[in-house]
**Q** 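Take this structure first; my questions come after.
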Amino acid sequence: MKMELKSRIMQLLIQNDKLYSGFSEELEIILGDYDIGKRSTELSVVDRTSDQALIQRFITAKVVKGLSERSLQYYTTTIRFFLDYIHKNITEVTSDDIRLYIAMRVKRDGVTDVTAGNELRNLRSFYNWLYTEELIKTNPVSKVESIKQKKTKKEAFTEYEIELIRNACRTARETAIVEVLLSTGCRVNELAHIKRDEVKENSVLVHGKGNKDRTVYLNAKAHIAIERYMSERSDKSEYIFPKSTVTFLGRDTRLNSMRENWYKEPELVANKPPDISSIEHIVRDIGKRAGVEKVHPHRFRRTCATLALRRGMPIEQVSRMLGHEQISTTQIYLDLSEQDLEQAHRKYVV
């Protein structure tokens with residue numbers, strides 16, 4: 001068995017005259033087949049009943065903490081997928097199992113480092129909770145290092161791109177969505193749940209992560225955009241951007257002709273918030289029409305923060321506007337160029 005293992009490793013090394021960039025992951029996959037002897041899990045019995053009970057307790061704890069339905073679903077999907085992938089019970093998982101899983105996700109399944117990092121983060125949260133609650137004796141994730149991800153600069157929209165996006169809006173509803181995102185920097189989930197009675201002239205009450213409410217503010221363009229959009233509606237839905245009661249994929253030509261202006265017909269407006277994916281789809285479509293790449297709701301949030309800081313808003317206030325608890329989180333959102341730094345230096349440094 002040792003000779004077989006040695007032979008496989010030597011073959012891997014000979015492929016290149018050095019340790020190439022993917023060597024660590026490839027080696028992890030090979031070693032994952034070996035404990036004392038070769039790993040065989042085909043006949044192992046997995047108790048999914050007890051696993052499901054532990055997962056449900058963990059999700060309940062996250063519900064109490066105030067996580068969104070989307071986050072709860074992501075945790076559940078990640079944990080179940082991981083257990084099915086390695087074919088083990090929750091309490092049997094080792095550090096090597098987690099390392100092997102991550103290596104195979106990257107090398108065999110071809111997921112990005114970001115996806116692998118997110119999955120590892122979810123597993124870390126889950127096993128940390130199990131250990132804290134004394135439901136497991138050892139924490140297998142404590143020895144697993146975080147994935148080093150290449151830091152790429154995430155850019156805000158330029159002012160030119162903002163005007164292209166504004167001009168590409170076809171309806172009052174699209175314009176209102178764009179202007180509210182630009183003015184408030186709110187998250188897409190926060191935007192979806194804004195109600196009529198939460199809009200007070202130039203301010204909006206939004207419900208942030210962890211059930212933490214905060215007030216965000218509307219500039220003149222956003223205020224006017226909402227007024228124009230609401231003047232076109234005659235329904236009774238309590239939501240500013242409600243969900244439609246129908247989908248526009250059938251053969252009903254009348255409905256399809258109203259694909260963009262459905263909100264003007266009361267019978268087509270539901271008293272429910274829209275799906276997050278529907279808002280993301282709208283924003284992407286506007287971006288395509290505008291000829292601007294990488295248009296998504298979160299980039300409006302980054303743009304709002306960046307422009308506010310460039311125009312003199314203290315970072316503490318920017319952080320509060322975004323609903324961040326730590327300024328370090330806010331700094332991730334900022335897209336500041338060397339020119340911005342140079343101008344700030346001239347202004348503040350004697």
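Not measured: the values here are computed from a predicted model. One-based numbering along the sequence shown.
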**Q** With heavy-atom distances below 4.5 Å as the criterion, would you say the side chains of Arg166 and Ile162 are in contact?
**A**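 In contact.
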**Q** Grab the two heavy atoms, one from Lys143 and one from Ser95, that are nearest each other, plus how far apart they are.
**A**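 Smallest heavy-atom distance, with atoms named: CB-OG, 3.8 Å.
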**Q** Can you find a heavy atom in the side chain of Ile286 that is under 4.5 Å from one in the side chain of Cys169?
**A**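 When only atoms from C-beta onward are counted, Cys169 and Ile286 do touch, with a gap below 4.5 Å.
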**Q** Can you give me the closest heavy-atom contact between Val295 and Val292, atom names plus distance?
**A**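 So the minimum-distance heavy-atom pair works out to CG2-O, 3.4 Å.
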**Q** Any chance you could measure Leu191, atom CG, to Ile177, atom CD1, to the nearest 0.5 Å?
**A**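 Atom-to-atom, Leu191:CG and Ile177:CD1 are 6.5 Å apart.
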**Q** How about Phe300 and Val178: do any of their side-chain heavy atoms sit closer than 4.5 Å?
**A**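 Sidechains of Val178 and Phe300: in contact.
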**Q** Can you give me the closest heavy-atom contact between Met104 and Tyr85, atom names plus distance?
**A**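 Scanning both residues, the minimum pair turns out to be CB-OH, 3.7 Å.
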**Q** Between CG of Leu123 and OG1 of Thr78, what distance do you get to the nearest 0.5 Å?
**A**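 Between atom CG of Leu123 and atom OG1 of Thr78 there are 7.0 Å.
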**Q** Can you find a heavy atom in the side chain of Glu280 that is under 4.5 Å from one in the side chain of His296?
**A**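 Counting from C-beta outward, Glu280 and His296 never come under 4.5 Å.
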**Q** Taking all non-hydrogen atoms of both residues, which atom of Tyr229 and which atom of Ile240 are closest, and how far apart?
**A**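 Heavy atoms only, the tightest pair is OH-O, 2.7 Å.
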**Q** Can you check whether Thr171's main-chain N or O pairs, donor with acceptor, with Asn261's side chain at less than 3.5 Å?
**A**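 Here the side-chain-to-backbone pair does not exist.
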**Q** Strictly by modelled atom types, are Glu179 and Thr175 linked by a side-chain donor-acceptor pair under 3.5 Å?
**A**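 No, because no side-chain N or O of Glu179 sits under 3.5 Å from a partner of the opposite role on Thr175.
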**Q** Can you hop from Tyr160 to Leu181 via hydrophobic side chains spaced under 4.5 Å?
**A**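 Yes, one cluster joins them.
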**Q** Dump the intermediate steps for side chain to side chain contact (heavy atoms under 4.5 Å, CB included) on Phe126 and Ile55, then the final yes or no.
**A** CA-CA 8 Å; Phe126 178 53; Ile55 294 172; 4.3 Å; yes
**Q** When you measure from the side chain of Arg233 to the backbone of Tyr263, do you find a donor-acceptor pair of N or O atoms at a distance under 3.5 Å?
**A**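 Looks like no, no N/O pair under 3.5 Å.
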**Q** For the backbone of Lys221 and the side chain of Asn219, can you confirm whether one donor and one acceptor N or O come within less than 3.5 Å of each other?
**A**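 The answer is yes, because a donor-acceptor pair under 3.5 Å joins these two groups.
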**Q** Ignoring hydrogens, what is the shortest heavy-atom contact between Leu120 and Ile98? Give both atom names and the distance.
**A**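 Heavy atoms only, the tightest pair is CD1-CG2, 3.9 Å.
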**Q** Could you state the interatomic distance from CG (Leu268) to OG (Ser244), rounded to the nearest 0.5 Å?
**A**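 So the gap between those two atoms works out to 5.5 Å.
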**Q** Any donor and acceptor pair, going by atom type alone, linking the side chain of Ser183 with main-chain N or O of Tyr217 inside 3.5 Å?
**A**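 Side chain of Ser183 to backbone of Tyr217: a pair is present.
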**Q** Check whether any side-chain heavy atom of Arg173 lies under 4.5 Å from a side-chain heavy atom of Ile282, and answer yes or no.
**A**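 Yes, close enough: below the 4.5 Å cut-off.
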**Q** Side chain of Thr132, backbone of Asn128: donor and acceptor closer than 3.5 Å?
**A**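 Checking the backbone N and O of Asn128 against the side chain of Thr132, a donor-acceptor pair under 3.5 Å is found.
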**Q** Between Ser234 (side chain) and Pro266 (backbone), is there a donor-acceptor pair under 3.5 Å?
**A**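 No; zero donor-acceptor contacts below 3.5 Å.
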**Q** Under 3.5 Å, is there a donor-acceptor pair between the side chain of Arg299 and the main chain of Lys294?
**A**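 Yes; judged by distance alone, with no hydrogens or angles, the pair exists.
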**Q** May I ask you to check whether Arg70 and Tyr74 show a side-chain donor-acceptor distance below 3.5 Å?
**A**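 The answer is no; no qualifying pair exists.
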**Q** Under a 3.5 Å distance rule, please check whether Arg289 uses its side chain to pair with a backbone N or O of Ala168 as donor and acceptor.
**A**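 Judged by distance alone, yes, a pair lies under 3.5 Å.
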**Q** Can you establish whether the number of heavy atoms outside His281 located under 6.0 Å from its atom NE2 is more than 12?
**A**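 Not buried by this count: 12 neighbours or fewer within 6.0 Å.
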**Q** Quick one, Ile165 and Leu182 - any side-chain contact, counting heavy atoms below 4.5 Å?
**A**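 Counting from C-beta outward, Ile165 and Leu182 never come under 4.5 Å.
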**Q** Side chains of Ile86 and Leu100, heavy atoms from C-beta outward: is any pair under 4.5 Å?
**A**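 No; the side chains remain at least 4.5 Å from each other.
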**Q** Are the side chain of Lys200 and the backbone of Asp197 linked by a donor-acceptor contact shorter than 3.5 Å?
**A**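 Present.
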**Q** Within the side chain of Asp51, is there an N or O that forms a donor-acceptor pair under 3.5 Å with the backbone of Ile90?
**A**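 Confirmed, Asp51 side chain pairs with Ile90 backbone.
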**Q** Can you check side chain to side chain contact (heavy atoms under 4.5 Å, CB included) on Glu145 and Arg99, steps first, answer last?
**A** CA-CA 9 Å; Glu145 295 183 354; Arg99 292 192 188 100; over 6 Å; no
**Q** Distance from Tyr239 atom OH to Asn271 atom CG, nearest 0.5 Å?
**A**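 Spacing of OH (Tyr239) from CG (Asn271) equals 6.5 Å.
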**Q** Would a hydrophobic clustering, with Ile, Leu, Val, Met, Phe, Trp and Tyr connected at side-chain separations under 4.5 Å, put Val199 with Leu205?
**A**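 Not linked; separate clusters.
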**Q** Stepwise, does the side chain to side chain contact (heavy atoms under 4.5 Å, CB included) test hold for His223 with Glu227?
**A** CA-CA 6 Å; His223 191 181; Glu227 286 187 336; 3.3 Å; yes
**Q** Could you report the tightest heavy-atom contact between Trp129 and Phe58, atom names first, then the distance?
**A**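 Nearest heavy atoms, Trp129 then Phe58: CH2-N, 3.6 Å.
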**Q** Walk me through it: do Arg196 and Asp235 pass the test salt bridge (Lys or Arg N to Asp or Glu O under 4.0 Å)?
**A** CA-CA 12 Å; Arg196 294 187 192 221; Asp235 61 89; 3.1 Å; yes
**Q** Taking atom CZ as the centre, does Arg214 end up with more than 12 heavy-atom neighbours from other residues, nucleotides or ligands that are less than 6.0 angstrom away?
**A**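 Yes, the 6.0 Å shell around CZ holds more than 12 heavy atoms from other groups.
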**Q** Mind checking the CZ-CG spacing from Arg57 to Leu130? Nearest 0.5 Å is all I need.
**A**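 It is 9.0 Å, given to the nearest 0.5 Å.
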**Q** Quick one: pull up CG in Leu72 and NZ in Lys62 and give me the separation to the nearest 0.5 Å.
**A**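 Rounded to the nearest 0.5 Å, the CG-NZ separation comes out at 9.0 Å.
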**Q** Verify the distance criterion only: is there a donor paired with an acceptor across the side chains of Thr115 and Asn118 at less than 3.5 Å?
**A**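 Note: Thr115 and Asn118 side chains miss the donor-acceptor criterion.
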